[in-house]
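The sequence lines fix the lettering, A, B, ..., with proteins before strands; numbering per chain opens at 1.
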There are 2 protein chains.
Amino acid sequence: MAKIIPVKNGTRKDVITKKASRLFREKGFTATSMRDIAEAIGIEAPSLYNHIVSKNELLQEICFRIANLFTTHITKVEQSSRRYHVKIELIIRFHIKMMLNESENVYISDHEWRHLPEPYLSNFKNQRRTYRARLSEIIRQGINNKEFKKIDPYVTVLTLLSAIGGIESWQRSKKSVDASTLEENMVKLLLEGLKNHPYPVSEIQKSKSTNN
Amino acid sequence: MAKIIPVKNGTRKDVITKKASRLFREKGFTATSMRDIAEAIGIEAPSLYNHIVSKNELLQEICFRIANLFTTHITKVEQSSRRYHVKIELIIRFHIKMMLNESENVYISDHEWRHLPEPYLSNFKNQRRTYRARLSEIIRQGINNKEFKKIDPYVTVLTLLSAIGGIESWQRSKKSVDASTLEENMVKLLLEGLKNHPYPVSEIQKSKSTNN
DNA sequence: CCTACCGATCGGTAGG
DNA sequence: CCTACCGATCGGTAGG
C-alpha cells in the first residue's frame with residue numbers, strides 16, 4: 001500500500017513523466033486525463049499511482065526542474081567576468097537551446113504553471129520574478145557600461161524572454177528551420193537590437209509612422 | 001424552445017462573452033466551467049444557453065474575431081505605398097496596441113485556439129499560417145530593398161510575433177510599465193534589430209561567446 | 001499491475 | 001431565467 005517506488009536507474013516513472021509531458025504540451029494540463037496518459041503507455045489509469053503521487057506532482061516536477069536549470073545557468077553567468085553583452089548573449093543562447101532540446105517541458109513550464117496547487121504556485125511565481133530581476137540587473141549594468149543602448153531594462157527582459165519562449169509553438173507546425181539558423185537569426189535580431197551602436201542610427205528613420 | 005436570441009443593441013450575450021474571456025484567460029478554457037461563468041454573472045448555468053449555443057461557440061467567436069482584426073489590418077498595410085520598414089513598424093505597433101487594448105482576447109486567441117472543435121480548428125490554423133506568410137513576404141521584400149539586414153524572414157516573423165504576443169502574460173503581474181514606454185521600447189529593440197545599418201556593425205562585437 | 005468502484009464535476013437538455 | 005436532472009468523465013482509492 002505504501003507507494004513502493006522502485007529506486008532503480010529511473011525507469012518506470014520516467015516513462016510516465018515523458019508521456020505526460022508530451023500530452024500536457026499537446027492538449028494542455030487540464031485537458032489531459034490520467035486515462036490519456038495511461039493509455040499512451042499501455043496500462044490502466046489506476047496503475048499509474050504505483051509510481052506517482054498525483055497528476056499535480058507530474059506538473060510540479062516538470063515546472064521546477066526547468067526553473068532550476070535556468071536559475072543554475074544564470075548564477076554561473078553572473079559569476080563569470082564576461083562583459084555584459086556577452087552575458088546576455090550566453091543567456092539568450094541558453095534559452096534558445098533549452099527551447100530546442102527540452103521544448104515540451106519548457107513550454108509546460110511557461111504555460112501550464114498556473115495550474116500548480118498553492119504552496120507550489122507562489123513558490124514558482126517567486127522564482128520567476130527573481131530570475132527576471134536578475135536578468136534585468138545585467139541589462140541595467142550593461143546600459144550603465146555603455147554596452148547597450150538606453151532602453152527600459154524590464155521591457156527588454158519581457159521582450160527577450162517572450163520572443164524566445166514563443167518559438168516553440170511556431171516550431172511545431174513547421175520544422176522547416178534548422179536549429180542553427182534559428183539561433184543565429186534570433187541572436188542577430190535581438191542582441192543587435194539591444195546593442196549600443198556608436199552613432200545615432202535610431203533617430204534616422206524615425207518617421208511619423210506612429211499611429212495605426 | 002428555439003433559442004430566441006434578443007437582437008437588441010447587443011447586451012446579454014456580450015456580458016457572457018466578456019465574463020467568459022476573463023475566466024478563459026485566468027484559468028484557461030478547459031479549466032473554466034460553464035458554472036464558473038454563470039456564477040460570475042450571477043445566474044444559473046443552464047440559463048446561459050438561452051443566449052449562447054455552447055461553450056465552444058464562445059471560444060470560436062473570440063478566436064475568429066481577433067484573427068479577423070489582424071487580417072483586416074495587414075491587408076490595409078499591404079495596400080499602402082509605404083516603405084517596407086514603415087509597414088513592419090505599423091504592424092508591430094498594431095500588435096502591441098492589440099495586446100494592450102484586447103489583451104484577454106488576444107491571449108485566448110494565441111493560447112487556447114487548440115481547443116477549437118474541428119471544422120474551426122483547421123480554419124483557424126490556415127488563417128494564421130496565411131497571416132505569417134504575408135508578414136514574411138513584407139520582410140523578404142524589405143531585405144531585397146536593402147531596408148532590412150540579411151536575415152531569415154520566417155525566423156524574424158516568429159520572433160517578432162512571439163515577442164509581442166508574450167508581453168501580455170508578463171504585464172499581468174506588474175502594470176509597472178505604462179503603455180507608451182512599453183511600445184516605444186519594444187519598437188526600439190525589435191525594429192532596430194531588423195533594420196539595415198549602413199556599416200558592418202554586426203561583425204564588430206561577434207566574439208567567441210557562442211557555446212554555453 | 002488489474003478490476004471494481006467512489007464522489008465530484010462536467011457540458012448540456014427538458015420543461016416550464 | 002429557474003429547477004431538476006442526464007450520461008459522461010474526472011482524479012483517485014480499495015483491495016488484491
Side-chain angles (χ1 to χ4, degrees), chain A residues 1-8 10-21 23-24 26-63 108 112 114-121, chain B residues 1-8 10-21 23-24 26-63 108 112 114-121:
Chain A
M1 112 234 345
K3 316 274 180 242
I4 299 165
I5 299 166
V7 208
K8 301 198 159 192
T11 2
R12 209 67 183 122
K13 180 164 180 178
D14 291 345
V15 171
I16 295 171
T17 304
K18 190 80 182 301
K19 291 286 186 188
S21 290
L23 289 164
F24 289 167
E26 277 176 8
K27 315 177 41 165
F29 174 75
T30 309
T32 301
S33 71
M34 297 309 281
R35 283 154 180 88
D36 290 333
I37 298 170
E39 190 184 18
I41 297 172
I43 61 178
E44 296 300 319
S47 303
L48 293 169
Y49 291 89
N50 290 309
H51 306 282
I52 65 165
V53 168
S54 66
K55 188 186 179 190
N56 280 325
E57 184 208 32
L58 290 170
L59 182 61
Q60 289 157 28
E61 292 188 350
I62 292 168
C63 289
I108 293 161
E112 306 290 336
R114 56 182 166 172
H115 298 114
L116 288 168
E118 221 341 308
Y120 301 95
L121 180 61
Chain B
M1 111 223 356
K3 316 276 180 238
I4 300 165
I5 299 165
V7 207
K8 300 197 159 194
T11 1
R12 208 66 184 125
K13 180 165 180 177
D14 291 345
V15 171
I16 296 172
T17 304
K18 190 81 183 300
K19 290 286 185 188
S21 290
L23 289 164
F24 289 167
E26 277 176 10
K27 314 178 42 164
F29 174 75
T30 310
T32 301
S33 70
M34 297 309 282
R35 284 152 179 89
D36 289 335
I37 298 170
E39 190 186 17
I41 297 172
I43 60 178
E44 296 300 318
S47 302
L48 294 169
Y49 292 89
N50 289 310
H51 304 94
I52 65 165
V53 169
S54 65
K55 188 186 179 189
N56 280 325
E57 184 207 32
L58 289 170
L59 182 61
Q60 290 158 28
E61 292 187 351
I62 292 168
C63 289
I108 293 162
E112 306 289 337
R114 56 181 167 174
H115 298 114
L116 288 169
E118 220 342 306
Y120 302 94
L121 180 61

| message | Please pick, from C:dT3, C:dC1, D:dC2, the nucleotide with the shortest atom-to-atom distance to any side-chain atom of A:E44. | response | C:dT3
| message | Using a 3.5 Å distance criterion without hydrogens, assess whether the side chain of B:T30 forms a donor-acceptor pair with backbone atoms of A:T30. | response | no
| query | A:D36 and A:S33: side-chain donor and acceptor closer than 3.5 Å? | reply | yes
| Interatomic distance where CG belongs to A:L59 and C1' belongs to D:dG11 [whole Å] | 15 Å
| field | Heavy-atom check, side chain of A:I43 versus side chain of A:H51, under 4.5 Å | value | no
| message | Just N and O in the side chain of A:S33: are any of them under 4.0 Å from OP1 or OP2 of D:dT9? | response | no
| Rounded to whole angstroms, how far apart are CE on A:M34 and C1' on C:dT9? | 18 Å
| said: How many whole angstroms separate atom CD1 of B:I52 from atom C1' of D:dC1? | reply: 14 Å
| request: Take atom CG of B:N50 and atom P of C:dG16, then tell me their distance rounded to the nearest Å. | output: 15 Å
| message | Without decimals, in angstroms, what is the distance between B:I37 CD1 and C:dT9 C1'? | response | 15 Å
| OP1 or OP2 of D:dG12 sitting under 4.0 Å from any side-chain N/O of A:R35? | no
| query | Atom NZ of A:K55 and atom C1' of D:dG11: how far apart are they, to the nearest Å? | reply | 8 Å
| request: Answer yes or no: is there a donor N or O on one side and an acceptor on the other, between the side chain of B:K19 and the main chain of B:E39, under 3.5 Å? | output: no
| said: Please classify the nucleic acid contact of A:T32 as base, sugar-phosphate, or nothing, using heavy-atom distances under 4.0 Å. | reply: sugar-phosphate
| field | Pairwise 5' ranking along DNA chain D for A:P46 and B:I43, keeping only the more 5' one | value | B:I43
| Roughly, in whole Å, what's the span from NZ in A:K13 to C1' in C:dC1? | 18 Å
| query | Is the side chain of A:H115 donor-acceptor paired with the backbone N or O of A:N56 at a distance under 3.5 Å, no angle test? | reply | no
| said: Output the rounded distance in Å from OH (A:Y49) to P (C:dC1). | reply: 15 Å
| Is there a Watson-Crick or G-U wobble partner for C:dG12 with both distances under 3.5 Å, and which nucleotide is it? | D:dC5
